[in-house]
Every structure is written in structure tokens, then in C-alpha cells.
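First the proteins, then the strands, lettered A, B, ... as listed; each starts at 1.
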There are 2 protein chains.
Amino acid sequence: MPLFSSPEDLTRILRDLPSRAPIYAIRAGHRQRDLVKPPGSLGRLEDIAQFLASWSNDGTPRAHVVRGLIFAGTHGVTAQGISPYPSSVTMQMVETYRRGGAAINVLARLEKIDLDIVPLQLEHPTGDISLGPAMTMDETLDALNAGADAVKVPTDLLILGEMGIGNTTIAAALAARAFDGDGNEWAGAGTGLDTDGIRRKAAVINRALDLHRAAPKTAFAALQRLGGREQAALAGAIVKARLESIPVVLDGFVVGATLATLYSEVPDIITHCLAGHLSDEQAHVKLLRRMRLSPLLDLGMRLGEGSGAALATNVIRAAVHLHMEMATFSEAGVTNRDDA
Amino acid sequence: MPLFSSPEDLTRILRDLPSRAPIYAIRAGHRQRDLVKPPGSLGRLEDIAQFLASWSNDGTPRAHVVRGLIFAGTHGVTAQGISPYPSSVTMQMVETYRRGGAAINVLARLEKIDLDIVPLQLEHPTGDISLGPAMTMDETLDALNAGADAVKVPTDLLILGEMGIGNTTIAAALAARAFDGDGNEWAGAGTGLDTDGIRRKAAVINRALDLHRAAPKTAFAALQRLGGREQAALAGAIVKARLESIPVVLDGFVVGATLATLYSEVPDIITHCLAGHLSDEQAHVKLLRRMRLSPLLDLGMRLGEGSGAALATNVIRAAVHLHMEMATFSEAGVTNRDDA
């Protein structure tokens, strides 16, 4: 039985999301204050330990089994000349992922991430969003289910990434739809457009937004009209991870815009998500701010394919190891400030 | 024969620093543009690969042998009530490092850093800088040499950290001396002072700056008058690493202020240094900006003991692995933008 059998299923699941266990976050906070360091001196690493504890089923933060899902899709909107690379590169890159030669393969080996590449009907590009809907209802449901089905249990931490020539145009359209902006506000350089190219991309996005303005204000409708297969799959994976209490690490602008689409229907969907990094794609900073997500890394990366999220894994692992392995003041025999 | 036999030796070495090999950086940049990704899309990771290549002896960036040096010292200025922790905590923490229970031990294990803890005459605190010089000339030379001698060859990457209750006061004094400010500008919360405490700390720093204002404007004089043993040792290690072409990763405010002391004599000393992270200690951002160093991480950490630099190791290792292991466009059979 697929998780999503009708468009209403997404809305229904979003309105009844499981929440985390605050008691585990509180207990993890107590332990943090006992560890042999000034209180708060590990900054966000302390927050991460509490965050992971709150999504565990026993209060123990874990980042041992880390899986990565990279969804790939092809986009009809590439016909509008909104990328410096031809759409065929999507298929070639999927082949490169399979051979292990891409950035994400290198990072997955380094960070011990179990990587799954999920190509989504690459030989059937979605419809051009500036001329019509990206997908049919069934295609959208299939992609949502493909994303949900790709989430394996047990997983301590799920890295989400994507590949799809043209998909920063898709992402900008989704972000503009979620946060009521336009193409000029949300279009960026993507893989390397110049100023003229960005202007052209913004115009394409504006045509798409106008065309689909009357569609229902649901996440499903946004994904079907303005999205793509990898965006719908990412949405399915984010939702399924939540149902399984698996914390998610978001990669850059495209993954963030997909989350924004869900967020615009139910803001609580961000609660199990960490922003892995701040992309150099210009609108990403605004996108994260709108959802009050603070990125773990800011290294000027803008590659996609899960690379920023994969690199953030080490920060999250460090938070877990520090939480579990540091001595307490009393174990170490160190004078705490209150005893001084 | 020690590296530093007289105060003039430091000045002499600083004025004749070896430089890196620009040809290796250029070649590494060419390879980056061949790798299967949009040019520049790995952001700072590309810069790091070029930086490491330029300090290698064969053009190959390496981060295999990573060593960490944590220097510890005790400070007479703690008598002025400028820390919420008693000076005895320095010795207790050194014991904790030896037993493996501190944050830096956990991070060193995770990041595969070969860690050396170097306590410097902890039973003999330096003089109170608000009442006289911190050290004699010989004590300063001994600490400089202890730092230089702790640098082992071969090392691909050197992590520098410190521990010493009271040493953010020392660091603020050194920063103020290097960049012509005062205590109000450079004093921060350290391990957790409140507003009154910071005001008291700033006043102590101002007394120290006034007292030593007429001293020679050299890095040596600054370290001797306003520094501490771990600051002099850090300076010795930074200089020795440069002589051995070993790139250095700086931890937070205290290490940065030590570098600033050298920088104020010869700015080129920063060329082999990476700023591991931005500390939550408030003046660190200003300190790095003055030296045009951009931190790799910004996670609100303010623990010292090399923790931020240790965590940055993974970013640097990722840069090396990506540079060495990614396929090129032609190897992967992927269409590049110029071929499209």
C-alpha cells in the first residue's frame, strides 16, 4: 500500500505529524551542563545533541547509521534555456554517481554515508512549467511514493540531495509560490548563469507562476504544477522520515525550496530538519530565514547532489560523540564554577 | 641549538619567512576546473585544495598526518578576578586531556588527529600583567622554543589550541596591543563572565596596556610583557611550522590574538594559516577581519583547547579527498558547458 494514494493524503499526513519527545531534549541538556566545559561553550553542537535525543526512541542521540538519498529528475523547462548545461547531463551524472566519481561519492566515503541514487524516469522529462503543469496527478503521487519508499529503517540520520539540470528554476518557482514572491526575487545563477541568463530565468518563472496562480494552495498542487519528480520525491522522503522519527539534513536551495512547499501548508514540518549548509545560490539565505533554519556550514558551495548536507554530517557526528564520550566534571575531578 | 636564542631571533625569522609555491596553487586550480562539477561550485573547498597544494613540496594537497598541539599555561592575572574558574582548573584540565575525557580528546579521535598536550610550567604562573611583565626574557625564549620543538616533521596539517584559565584576558591585551585598541574593545565573556565581570576584565587590560606602553613594538616584547607561556609557545609553533612549510589551523580567540601579535610585526605570517572557526568570544570576529582571515566554521563554540580547529579538520580533509578522487569531465564522459 503506497503512503500517498490521493492528493489529499499529503495534506492529511502534514496535519497530523508526530512530534518529538521534549523530555529527551531536556535530559540531554542536563547532561550537557554536567560535561567538563563551560556551559554553552560547545554552541550549536549542544543544540544538535539535544535535537537528536528528542527524535530518538530512548533519549540517546545517534548518528551511526547515516543514509543519503539523491533523487534525480529531468525537466521540460530546460527548453527555455535556463541552464548552461544540457538536460542530458542529468543522466550522465547519475552514471557518474554509480561509478563513484562525483563529489557526493567522495564525500559519502569520507563521512561514512550509505548512499542511494534514485533516478526518476529520466527519459521522461516533466512538462515545461511555463507552458503547463509539470506532472499529472498520478505522476506526482508516483514520485512522492518513490521518495517515501526510498527511506529505509533503521536510519539515524537522513541526508537529502538532488540532481536535475534546470531544477534551480523549479526550486525558485516553488519558493516564490510558497512565500509569495516572484522570479526576480528567487532566481539565481544555478550552475553558472550570467546576469542575462538570470533575467531570462526570472521571466520564465514569472510566466509559470502566472499560469498556475489559480491552482489550489496546497503543497501537492505546487509540486504537481511547478515542481518536478525529484522535488516530489524529496517531499515524500521528508514526510516519511518524519513518520519514522528520522532527523533529516537538508542540502541546498533545491531541497530547501521543496521543504518550503511543505512548510507553506504546515510549518511544523521543519521540526525534524537541520539545514546542512548555506548555498552560494543567492536566494538560499532568504529561504532559510523565512523558515528560521540556521545552516550548519557556510562554505560557498553550490553543487547540489547532497554535497553540503553530506559535509555537515561530520559536525552532527561530532555533536553525538562529544555528548556521549566527554567526562563530567565529577568524573574528571575538575572544579566547576559553582564549587569554586 | 634552540631556534630562539635571543629576542632578535624572532624578528629576524619573521623578516625572512619562506613563501609558498604559487605554481602548485595554479596547477591545483586547473585540476579543479577539470573536475566533474560546475566551476567554483565547491566554494572554499577549492581554495583549500589550492592552499594546501601551494604549501606541499610536490603540488599534492595532503591532510593525512594531522597533528594537534594544545599548550597550557597559568596566569598571575587571575588574581584580579577575571575568570569565573580558579587557576587550578588549568592543571585539572591537563589531567583530563591525559585521561582522554575532554572535548578535544573526543574530537581528536573522531577526526584522527595525533594529539600532544604540552603543559608549560603550570606550577609557576606568569607575572600579573597589570602589575609587571608576564615573563622574563629567558622564560619567554624557553616558551617560544617549547612551542617550536613541539612541531614534528612530517606533518601535513597542524592544529593549534590552548588551555589556560585567565588567558582570554591575555589574548585581549595582546589583540589591543597589536591593533591599537583598549580593553573595552577586546574584552569578552571568556568562559562565562557577566557584564560586570567583563567591565572589570577590561579595566585590568587597560592597566596592563598603560603599564607596558613604552616597551619596544616587537612581537617578542608583547609576548614577554602581556603574554603567557602558552601564547609564546603558540607563536613558536606558528613560526616553526612556517619554516617547515606546514599549514596551520588556528583555533579561536586566544590563538588568533597570538597570531595577531606576530602579524603586527610581519603581516605575511598569516599566509600558511587557516582560521578553523569563528568563536563566540565577541572580539574574535574583529580579530579575524583585521587579518583578513575567513573562518571555516561558525558554530557558536567558545571552548578553546583546539576544539574548533579540530572540527575544521574534516572540512580540510574533504577538500583534499574531493581534489584527489573526483573524476574529470572527460574521465566521467559528462558534457561540459563549453562542449554543449
Report yes or no: does A/Gln92 contribute a side-chain atom to a donor-acceptor pair with the main-chain N or O of B/Ala332 at less than 3.5 Å?
no
Counting only non-hydrogen atoms closer than 4.5 Å, can you tell me which residues of residues 295-305 of chain B sit against chain A?
B/Leu296, B/Leu297, B/Leu299, B/Gly300, B/Met301, B/Arg302, B/Leu303
Could you check whether any side-chain heavy atom of B/Tyr85 comes within less than 4.5 Å of a side-chain heavy atom of A/Val334, counting everything from C-beta outward?
no
Which heavy atom in A/Val36 sits nearest to a heavy atom in B/Met93, and how many Å separate them?
CG2-SD, 3.5 Å
Which one, A/Thr191, A/Val315, A/Thr328, A/Ile48, leads in non-hydrogen pairs under 4.5 Å with chain B?
A/Thr191
Among A/Glu331, A/Glu111, A/Lys37, A/Arg99, who wins on heavy-atom pairs under 4.5 Å with chain B?
A/Glu111
Where on B/Asp280 is there a heavy atom nearer than 4.5 Å to chain A: the side chain, the backbone, both, or neither?
neither
Sort out for me which of B/Gly40, B/Ser88, B/Ser294, B/Ser307 touches chain A most, counting heavy-atom pairs under 4.5 Å.
B/Gly40
Interface check, chain B: of A/Met326, A/Arg317, A/Arg109, most non-hydrogen pairs under 4.5 Å belong to A/Met326
Part of B/Thr96 within contact of chain A (heavy atom distance under 4.5 Å):
side chain
Verify the neighbour count for atom NZ of B/Lys286: are there more than 12 heavy atoms of other residues, nucleotides or ligands below 6.0 Å?
yes
My understanding is that only one of B/Leu311, B/Leu107, B/Leu110 makes a side-chain contact (heavy atoms from CB on, under 4.5 Å) with A/Leu322; could you say which?
B/Leu107
With a 4.5 angstrom heavy-atom cut-off, is it the side chain or the backbone of B/Glu95 that approaches chain A, or both, or neither?
neither
